[in-house]
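A note on names: the letters A, B, ... follow the listed sequences, proteins ahead of strands, and every chain is numbered from 1. Hydrogens, waters and symmetry mates play no part in the numbers below; they use all other heavy atoms, side chains included.
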Amino acid sequence: MLQIARIRADKETVIQGLKKRNINAKDLIDSVLSLDEKRRQTQANFDNSKAEMNRYSKEIGQLFKSGEASKANILKEKTTQLKEQLKVLEQSLTETTNELQELLYQIPNVPNVIVPEGSNEEDNEEVFSSGDIPDLDSEALPHWELAKKYDIIDFELGNKITGAGFPVYKGQGARLQRALISYFLDKNVAAGYTEYQLPHLVNEASGFGTGQLPDKEGQMYHVTADNLYLIPTAEVPGTNIFRNVVLNESDLPIGITGYTPCFRREAGSYGAHVRGLNRLHQFDKVEILRVEHPERSYTALDEMVDHVKSILEELKLPYRILRLCSGDLGFTSALTYDFEVYSTAQKRWLEISSVSNFETFQSNRLKLRFKDADGQNKLAHTLNGSSLALPRVLAGILENYQSSEGIEVPEVLRAYTGFDFIK
RNA sequence: GGAGGAAUGGCAGAGUGGUCGAAUGCGGCAGUCUUGAAAACUGUUGAGGGUCACACCUCCGGGGGUUCGAAUCCCUCUUCCUCCGCCA
């Protein structure tokens with residue numbers, strides 16, 4: 001959520017920024033500003049009436065104390081009309097505030113100036129690529145075939161137990177998964193992130209805190225009996241640690257990492273793109289998350305990108321980094337880098353990480369602040385990224401490391417898996 | 001799951017209808033004193049809205065209600081504690 005103060009002070013920059021997202025926000029911003037004006041006016045009216053009422057109450061109290069009950073009762077009668085008026089004003093204030101809030105919820109984050117203009121993923125800007133795409137022979141298999149051949153992932157069993165999109169990892173497949181999780185977490189901890197184990201279900205307030213609610217309600221699994229939601233990403237419980245928190249400036253920066261399963265309904269997804277591990281209802285992910293001083297957040301973003309890079313270098317997978325264009329940029333993000341690994345057998349790129357700076361967009365909604373040197377409370381910047389999403393990394397490993405002898409385990413993982421080859 | 005009790009400022013802890021945004025203690029900050037520090041003393045110390053700045057308004061777990069007036073009374077939800085039951 002954008003700060004109303006920013007819109008008030010810097011209306012044109014906001015409109016220009018949103019134009020990049022192909023949004024003509026002028027009318028929306030104008031309604032926001034006029035509603036804001038109305039809200040403040042209503043607030044002032046309410047406050048004045050309330051102040052009057054408070055004066056009456058005080059006076060009545062004093063009259064009762066000094067035994068002048070009849071005088072007090074006369075005053076009491078005077079308050080009835082005022083009371084009615086207060087009720088009306090309060091209702092109007094609530095309505096206006098809510099209306100304003102709803103409009104603000106509709107406005108996406110203002111893209112950073114370096115976000116390239118564009119309408120869809122075609123316009124994303126490749127900023128880096130690394131690793132050779134192996135020249136596989138014609139017998140190269142896509143990962144779902146490899147999974148079957150080596151009996152390491154059982155999609156049908158998942159269908160039986162739960163439904164489509166809930167694969168079962170078996171034997172070396174399961175151990176490879178566990179190895180990846182441990183390896184990612186160890187890398188993150190070594191880079192200074194504090195490891196957390198977070199709840200996999202969250203309440204409504206947390207859903208609102210990170211913006212999954214009310215907009216994307218249909219994307220989450222909802223446990224209606226207890227009104228809890230299965231997390232679609234560790235970002236939700238991880239970021240809500242900081243809901244309604246005032247930090248000391250010296251607490252910053254904060255870095256957190258955690259492994260969680262992620263649950264996504266993916267309503268409306270189908271076809272070849274959801275084949276195998278490409279798109280699942282349940283998958284594993286290790287997340288990194290930072291809370292930063294506004295002056296440092298873009299340095300932090302670069303650090304995060306470099307960190308994820310180093311993981312992919314160690315895994316020796318062919319990958320590229322994209323700077324998302326304005327049309328592909330997420331609602332809450334000001335700047336996002338996507339990491340994609342090349343799926344050699346499918347001949348397509350698979351997104352395995354997305355690293356974003358939200359600036360104050362999340363913290364404004366969360367009320368995540370820090371006390372600066374002058375004792376002022378200011379909104380902190382939040383960032384997060386995957387390091388990494390497991391299924392597509394696994395797909396990348398299976399496909400890129402395959403040979404007639406089996407699937408070689410990337411060297412860095414061998415200490416974790418305890419085996420060098422999947423045969 | 002059942003029965004009781006509780007939730008107040010960074011922490012501890014008073015306050016059971018009327019100048020209570022809230023006593024007191026601890027902690028934090030500033031000052032006096034000191035070569036420096038400690039101790040002692042003095043002052044200060046929550047958040048949001050609003051204003052050029054004041055004024056003013058809101059907030060005592062969340063939501064709703066009663067009342068001229070609510071931290072205080074009522075309803076409801078949540079969380080914590082004690083006891084019973086169940087259980088990895």
Side-chain angles (χ1 to χ4, degrees), chain A residues 1-9 32-104 197-209 213-214 222-229 237 240-252 254 360 362-380:
Chain A
M1 186 167 64
L2 290 179
Q3 295 168 80
I4 185 70
R6 178 181 179 186
I7 299 175
R8 230 187 268 155
V32 163
L33 287 176
S34 77
L35 258 180
D36 175 50
E37 186 61 42
K38 186 181 168 196
R39 205 219 88 231
R40 282 186 287 164
Q41 191 55 249
T42 314
Q43 175 92 55
N45 289 341
F46 173 78
D47 285 357
N48 289 335
S49 301
K50 187 79 191 186
E52 199 183 340
M53 183 62 111
N54 288 345
R55 281 194 296 272
Y56 273 124
S57 298
K58 233 169 235 181
E59 212 178 315
I60 291 170
Q62 273 159 1
L63 286 174
F64 271 121
K65 238 182 193 171
S66 57
E68 299 172 86
S70 56
K71 272 190 184 174
N73 283 320
I74 292 167
L75 266 189
K76 255 200 205 181
E77 279 168 37
K78 278 190 173 177
T79 61
T80 34
Q81 201 194 335
L82 189 55
K83 211 180 174 185
E84 282 305 307
Q85 194 185 325
L86 264 174
K87 219 174 235 174
V88 173
L89 282 171
E90 188 173 21
Q91 201 188 338
S92 153
L93 181 60
T94 312
E95 273 168 22
T96 312
T97 307
N98 290 344
E99 247 176 273
L100 178 60
Q101 185 87 333
E102 262 162 50
L103 281 192
L104 284 173
Q197 286 202 14
L198 295 159
H200 301 167
L201 280 90
V202 294
N203 58 28
E204 226 174 1
S206 292
F208 275 100
L213 295 175
H222 187 193
V223 182
T224 51
D226 298 288
N227 197 25
L228 297 173
Y229 294 86
N240 273 285
I241 293 172
F242 301 102
R243 174 154 42 90
N244 276 319
V245 165
V246 183
L247 298 161
N248 293 315
E249 194 166 9
S250 58
D251 294 331
L252 301 175
I254 292 172
T360 58
Q362 282 186 330
S363 57
N364 186 35
R365 194 155 170 170
L366 286 166
K367 295 194 171 49
L368 162 54
R369 294 155 294 173
F370 68 96
K371 211 172 268 299
D372 72 6
D374 302 326
Q376 296 290 311
N377 285 341
K378 289 172 82 173
L379 293 173

(request) Any strand is fair game: report the nucleotide pairing with B:A55 by Watson-Crick or G-U wobble, both distances under 3.5 Å, or none. (result) none
(message) Test your reading of the model: is there a side-chain donor-acceptor pair from A:Asp36 to the backbone of A:Val32, 3.5 Å cut-off?
(response) no
(request) Step through the shown structure and confirm whether more than 12 heavy atoms of other residues, nucleotides or ligands are within 6.0 Å of CD on A:Gln91. (result) no
(request) Go through RNA chain B in 5' to 3' direction and return only the first and the last nucleotide with some atom under 4.0 Å of chain A's heavy atoms. (result) B:G18 to B:G69
(request) Keeping the roles fixed (side chain from A:Asn377, backbone from A:Arg369), state whether a donor-acceptor pair exists under 3.5 Å. (result) no
(message) Go nucleotide by nucleotide along RNA chain B from the 5' end; which of A:Thr80 and A:Lys50 gets its closest nucleotide reached first?
(response) A:Lys50
(request) State the pairing partner of B:A40; accept Watson-Crick or G-U wobble contacts with both distances under 3.5 Å, and report none otherwise. (result) B:U32
(request) Check every strand shown and say whether A:Gln62 touches a base, only sugar-phosphate, or nothing at a heavy-atom separation below 4.0 Å. (result) base
(message) Which nucleotide, if any, forms a Watson-Crick or G-U wobble pair with B:U67, using both distances under 3.5 Å?
(response) none
(request) Give none if B:G27 has no partner; otherwise give the nucleotide forming a Watson-Crick or G-U wobble pair with it, both distances under 3.5 Å. (result) B:U45
(message) So A:Ala44, base contact, sugar-phosphate only, or nothing? Heavy-atom distance under 4.0 Å.
(response) nothing
(message) Base, sugar-phosphate or nothing for A:Ser57? Non-hydrogen atoms, less than 4.0 Å.
(response) base
(request) Pick base, sugar-phosphate or nothing for A:Lys58, based on heavy-atom distances below 4.0 Å to the nucleic acid. (result) base
(request) Quick one: list whatever passes salt bridge (Lys or Arg N to Asp or Glu O under 4.0 Å) with A:Asp47, sequence neighbours left out. (result) none
(request) Return the nucleotide paired to B:G50: Watson-Crick means purine N1 to pyrimidine N3 with N6-O4 or O6-N4, wobble means G-U with N1-O2 and O6-N3, both under 3.5 Å. (result) none
(message) So A:Asn73, base contact, sugar-phosphate only, or nothing? Heavy-atom distance under 4.0 Å.
(response) nothing
(request) Let me know which of A:Glu102, A:Arg40, A:Glu99 forms a side-chain contact (heavy atoms from CB on, under 4.5 Å) with A:Leu35. (result) A:Glu99
(message) Strictly distance-based, threshold 3.5 Å: is any side-chain N or O of A:Asp251 a donor or acceptor partner for the main-chain N or O of A:Asn248?
(response) yes
(message) Under a 3.5 Å cut-off for both contacts, is B:U19 paired Watson-Crick or G-U wobble with anything, and if yes, with which nucleotide?
(response) none
(message) Main chain of A:Leu379, side chain of A:Ser363: is a donor-acceptor contact present, judged purely on distance under 3.5 Å?
(response) no
(request) Just name whichever nucleotide pairs with B:A7, Watson-Crick or G-U, keeping both distances under 3.5 Å, else none. (result) B:U78
(request) Using Watson-Crick or G-U wobble geometry with both distances below 3.5 Å, tell me the partner of B:U72, or none. (result) none
(request) Have a look at A:Arg55 and say if it touches a base, only the backbone sugar-phosphate, or nothing, with a 4.0 Å heavy-atom cut-off. (result) nothing
(request) Just call it for A:Ile60: base, sugar-phosphate, or nothing, with non-hydrogen atoms closer than 4.0 Å on any strand. (result) base
